[in-house]
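Here the structure is laid out as structure tokens; the discussion comes afterwards.
Values below: all heavy atoms of this structure, side chains included; hydrogens, waters and symmetry mates excluded. Whatever order the structure lists them in is the order used to number ligands and atoms, beginning at 1.
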Amino acid sequence: MEKKRAQWGSKIGFILAAAGSAVGLGNIWKFPGRAYEGGGGCFLLLYLIMVVFLGAPMMLTELSVGRASQTNIVGAFRQLGHRRWSWVGWIGVIGAFVITCYYSHVGGWVMRYAFGYATEGERIYADSLGYFYNMLGCHADGTTSFPWVAILFAALFMAINAVVIIRGVESGIERFNKIGMPALFLLLLVLLVRAVTLEGSRPGIMYMISLDWGKLSFDTVLAALGQAFYSLSIGMAIMITYGSYLPRTENIARNTALVCTMDTLVAILAGFIVVPAVFATLGEQQIGKGGGFAFVSLAGVFRQMPGGTFFGVVFYLLLLFAALTSCMSLVEGIVAFLTEHFSLPRKGTTLAVCGSMFLIGCLYTCSQAAFPLKGIWFDAANGTTSPAFCDAMEFLTDRIMIPVCALGCCVFVGWVWKPGSAIAEVEQNGVRFGLARVYAVLIKYVAPVAILTILAMNFATGMTLS
Ligand code: TRP
């Protein structure tokens with residue numbers, strides 16, 4: 001019965017892997033648009049408050065649940081509490097599965113664009129919208145075809161994930177992140193220097209540090225909180241899995257602080273890259289978010305900036321690393337659960353999980369492309385994609401499953417397992433957790449109320465997705 005569990009090989013290995021999970025499309029693709037919409041500086045401030053008071057305590061909670069239980073995300077709740085609580089883990093597994101289905105396909109598109117800028121930048125510039133739709137099998141003359149380019153790249157993206165996961169925690173995930181994360185920081189710095197030295201980027205920079213409280217609304221507060229959870233990879237119980245590979249000698253509190261800082265830093269830097277660059281090239285009103293923005297509008301930015309094609313490659317490589325390291329944490333969470341819960345072999349399980357997520361994800365890509373699902377998810381009247389399917393997937397995960405799982409997690413730790421147990425877990429090996437009392441209050445009272453509020457608002461606003 002006793003089988004030796006995998007462990008991180010080094011401290012820095014864990015930190016980079018956890019930061020790799022956190023730093024993803026959410027930071028570089030979603031954050032800048034959100035920050036712009038939320039009024040620049042105000043949003044940044046609000047976001048920081050959310051990370052410090054809610055995100056960090058939640059991450060600490062998940063990591064300590066993982067390390068204390070030394071098991072997967074369903075097993076952890078059973079072991080520390082009772083069978084009754086395993087539903088929290090189940091939501092995490094299912095949520096991670098659904099997220100990965102579309103995340104891996106968007107990752108595939110990102111990879112396609114990295115290649116695209118490297119080999120045929122001119123074609124992207126000539127017709128950036130057409131290029132995007134072409135990749136998805138939608139042609140200018142109104143015909144559609146199987147989006148094989150997008151699908152092929154998504155398959156490649158998933159294959160890289162599968163290879164890394166099959167190799168295991170230390171020689172797969174840890175090793176990949178040890179190369180990928182420093183590379184990501186380097187790419188980010190290159191882009192930052194480029195963006196802030198662009199002529200005309202000043203108003204964008206000023207916007208990002210301006211404190212115009214008039215733009216602040218209750219919605220912005222909720223958006224900041226939702227974004228913080230998504231960005232820190234919280235509320236899918238994935239950090240439980242990563243925490244379960246953490247040796248007892250590690251200081252969870254300090255590691256949490258480091259990972260949260262890195263994740264937030266990347267998000268803010270991305271904001272200071274994208275917003276000033278768009279201000280400088282396309283003009284303020286062009287800032288947007290979501291697929292169209294990252295793939296279509298940014299082409300205009302790269303076309304107009306000196307050395308743009310090179311920076312285009314750099315940007316999509318950055319996104320690619322970010323997406324890969326996040327995706328592999330999601331896959332690992334699922335694989336760890338399946339292999340332990342059902343005693344399945346790692347290799348076969350990984351292949352089956354990745355294969356099925358890839359196939360389901362094809363519906364996501366195909367629903368954008370209108371082929372072969374024309375009329376169902378394609379808005380023929382407007383000639384645009386009508387991403388009902390995609391929206392439904394994102395709504396289900398971002399707006400429902402993440403908050404529900406996070407709520408379950410903090411109620412479990414606050415009231416069943418008790419904050420004292422989490423604190424005891426942190427304080428192993430003589431570690432001092434100075435903020436223990438603050439933590440207990442946050443996890444018991446503040447976090448559940450905040451998450452319940454988001455959930456209620458999400459239900460109330462329904463499908464008004466951003
Ligand atoms: N944090 C990742 C990002 O910023 C994506 C993500 C969301 C995630 N929820 C997660 C990753 C849960 C792992 C686990 O893009």
Determine the sole option in Val335, Thr339, Ile166 for which the side chain to side chain contact (heavy atoms under 4.5 Å, CB included) test with Lys347 is passed.
-> Ile166

What are the atoms of ligand 1, with element, lying closer than 4.0 Å to any heavy atom of Ala22?
-> 1 (N), 2 (C), 3 (C), 4 (O)

Got the closest protein heavy atom to atom 15 (O) of ligand 1, with its distance?
-> Tyr103 OH, 2.6 Å

Examine Ser326 against ligand 1 and note whether any of their N/O atoms are separated by less than 3.5 Å.
-> no

Could Glu332 and Arg346 be called an ion pair, given the rule that one side-chain N must be under 4.0 Å from one carboxylate O?
-> yes

What do you reckon, does Leu25 have a nitrogen or oxygen under 3.5 Å from a nitrogen or oxygen of ligand 1?
-> yes

Heavy-atom nearest neighbour of atom 6 (C) of ligand 1 within options Tyr230, Tyr242, Trp29 = Tyr230

Distance filter under 4.0 Å to Asn27 heavy atoms, resulting ligand 1 atoms | 4 (O)

Considering only heavy atoms, does Ser329 approach ligand 1 within less than 4.0 Å through its side chain, its backbone, both, or neither?
-> side chain

Ligand 1 atoms in contact with Ser231 (distance to a heavy atom under 4.0 Å) = 1 (N), 4 (O)

In ligand 1, which numbered atoms sit nearer than 4.0 Å to a non-hydrogen atom of Gly26?
-> 3 (C), 4 (O), 15 (O)

What is the nearest protein non-hydrogen atom to atom 12 (C) of ligand 1, stated with its residue, atom name and distance?
-> Met236 CG, 3.4 Å

Taking the six-membered ring for Trp and the single ring otherwise, decide whether the centroids of Tyr36 and Phe43 are under 6.0 Å apart.
-> no

Count the heavy atoms of every other residue, nucleotide or ligand shown that sit under 6.0 Å from CZ of Arg254, and state whether that count exceeds 12.
-> no

Qualifying residue, where the test is side chain to side chain donor-acceptor pair (under 3.5 Å) with Asn72 and the options are His341, Arg78, Glu340 | Glu340

Are Glu425 and Arg67 ion-paired here, with the side-chain N under 4.0 Å from a carboxylate O?
-> yes

Ring centroid separation for Phe302 and Phe311, is it under 6.0 angstrom?
-> no

When distances are taken from atom 11 (C) of ligand 1, the protein heavy atom at minimum range is Ser233 OG, 3.1 Å

Do any nitrogen or oxygen atoms of Ile238 lie less than 3.5 angstrom from nitrogen or oxygen atoms of ligand 1?
-> no

Below 4.0 angstrom from a heavy atom of Ser21, which ligand 1 atoms are there? Numbered from 1 as shown, please.
-> 1 (N), 2 (C), 11 (C), 13 (C)

Candidate list Phe412, Trp90, Trp85, Trp87, test ring pair (Phe, Tyr, Trp, His ring centres under 6.0 Å), partner Phe77, passing option = Phe412

Trp109, Tyr117, Tyr113 screened by ring pair (Phe, Tyr, Trp, His ring centres under 6.0 Å) with Tyr131, the one that passes | Tyr113

